[in-house]
Amino acid sequence: MIHTRGLTRSFRVKGETVEAVRGLDLDIEAGSVVAFLGPNGAGKSTTLRMLTTLLPPTSGTAVVAGHDVLTDPSGVRNRIGCLGQGNSAGSNFRASDELIAQGRAYGLSRAKARARAERLLTALELDGLAKRTVGTLSGGQRRRLDIAMALVHEPELLFLDEPTTGLDPHSRAHIWEHVLRLHKEFGATIVFTTHYLEEADLRARRVMVVDHGRVIADDPPEKLKADLAGDRITLGTADRADTERAAELARALPTVHEVTAEDTEVRVRTLHGDTQLPALLRNLEAVGVRVRTARLSRPTLDDVFLSLTGRTLRESADAPTTTRGGA
Ligand SMILES: Nc1ncnc2c1ncn2[C@@H]1O[C@H](COP(=O)(O)OP(=O)(O)O)[C@@H](O)[C@H]1O
Ligand SMILES: [Mg+2]
């Protein structure tokens, strides 16, 4: 559904070059749900804007839904839907009329546009609001209408740039229920960007971690967490001597990545923490090491980002290292 090679975009800002996207090679299959996860300024929006033909690449190629973004942009646009970052200007038109007009703009017959609008309004639980003007809808309702607008022409591929940013947690969950239902019902491929870790983790089946214009990891979230961060076991011991011995035994476990020991605490990063923890406790008990507390925690995608970049995503979101601003 999406193939890019060396996709690159730079901007000139005050005489300096900002390399927003640096040589992306993407292959995204039809029917997938893919997240671009990265801090502000990572290049997520720029990537989406190139894939949706809104911005020409500086170099490289991109074929989207079978059409080249440079040589056949209208071929691409007819097959994709997109929800940009911060759409949804208010208007005085009724929600249903906006949708029908959008369908007509894509060349649907009036009857077809109307049928499609009705189906989408129902799917997005907006049918009660069809006669309301767009300007009177709440933030979450308007975002759902934007999604319906992006889907009117039955695109095979839907791009969502930070679809839930600025919404409260309840509306965010609601939007996702709808998007994923649409994915099931219409079989659309979904590509979205987010800086919410939980969102990438829960909603995407494939997560591309983006930093400084590059994809630095690309896998299902479960695999990223298991391979890059690992589970964490934290043991509280009775004294320093026990800590030393516990750390030694932990290091002997076959799947352990890293062990750190401090005072009466031993921290272990390992694969399969759920089975390693009881094994470790049995070994410790057998040699008389006194363990007071034991805790298993599963890693988050923030741990993945930390292990990849040495920074947390939250820190990076607060203080982007590249030029601020952009789309
Ligand atoms: N139109 C533009 N002009 C100049 N710089 C831009 C423009 N759009 C984006 N950038 C810069 O490119 C980098 C990536 O931005 P963007 O793709 O918006 O990141 P993200 O969506 O991941 O937050 C940032 O440094 C941003 O300031
Ligand atoms: Mg963005």
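The first residue of the sequence shown is numbered 1, and numbering continues consecutively from there. All ligand and atom numbering here is 1-based and tracks the order in the structure.
Considering both main-chain and side-chain atoms, V13 never comes within under 3.5 Å of ligand 1 through any nitrogen or oxygen pair. Residue K44 places at least one N or O, backbone or side chain, under 3.5 Å from an N or O of ligand 1. When only interatomic distances are considered, the shortest N/O to N/O separation between F11 and ligand 1 does not fall below 3.5 Å.
Coordination check, N40 versus the Mg ion (ligand 2): failed, since every N/O/S atom of the residue sits at 2.8 Å or beyond.
Using modelled atom types and a 3.5 Å distance limit, the side chains of T243 and E265 yield no donor-acceptor pair. No hydrogens or angles considered: nothing links the side chains of T309 and D211 as a donor-acceptor pair under 3.5 Å. S10 and E19 share no donor-acceptor pair across their side chains, judged by distance under 3.5 Å alone. Under 3.5 Å, the side chains of R79 and H67 contain a donor-acceptor pair of N or O atoms. Under the 3.5 Å distance criterion, with hydrogens and angles disregarded, a donor-acceptor pair is assigned to the side chains of T53 and R77. No hydrogens or angles considered: a donor-acceptor pair under 3.5 Å links the side chains of T255 and T270.
Of all the heavy atoms of T46, the ones lying under 4.0 Å from any atom of ligand 1 are found in both the backbone and the side chain.
For atom 14 (C) of ligand 1, the choice among G41, G213, G38 with the nearest heavy atom turns out to be G41.
When each atom of ligand 1 is checked for a heavy atom of V18 under 4.0 Å away, the hits are 12 (O), 25 (O). Against a heavy-atom cut-off of under 4.0 Å, S45 is close to the following atoms of ligand 1: 17 (O), 18 (O), 20 (P), 21 (O). Heavy-atom proximity to A42, at under 4.0 Å, picks out these atoms of ligand 1: 19 (O), 20 (P), 22 (O). Every atom of ligand 1 is numbered from 1 in the order shown, and the set under 4.0 Å from a heavy atom of N40 is 23 (O).
Ligand 1 lies less than 4.0 angstrom from a heavy atom belonging to P39.
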Considering only distance and modelled atom types, tabulate donor-acceptor pairs under 3.5 Å from the side chains of residues 100-114, sequence neighbours left out.
| from | atom 1 | to | atom 2 | distance (Å) |
| --- | --- | --- | --- | --- |
| R104 | NH1 | L108 | O | 3.2 |
| S109 | OG | K112 | N | 3.1 |

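Applying the salt bridge (charged side-chain N to carboxylate O under 4.0 Å, His left out) criterion to D239, with sequence neighbours excluded, gives R290.
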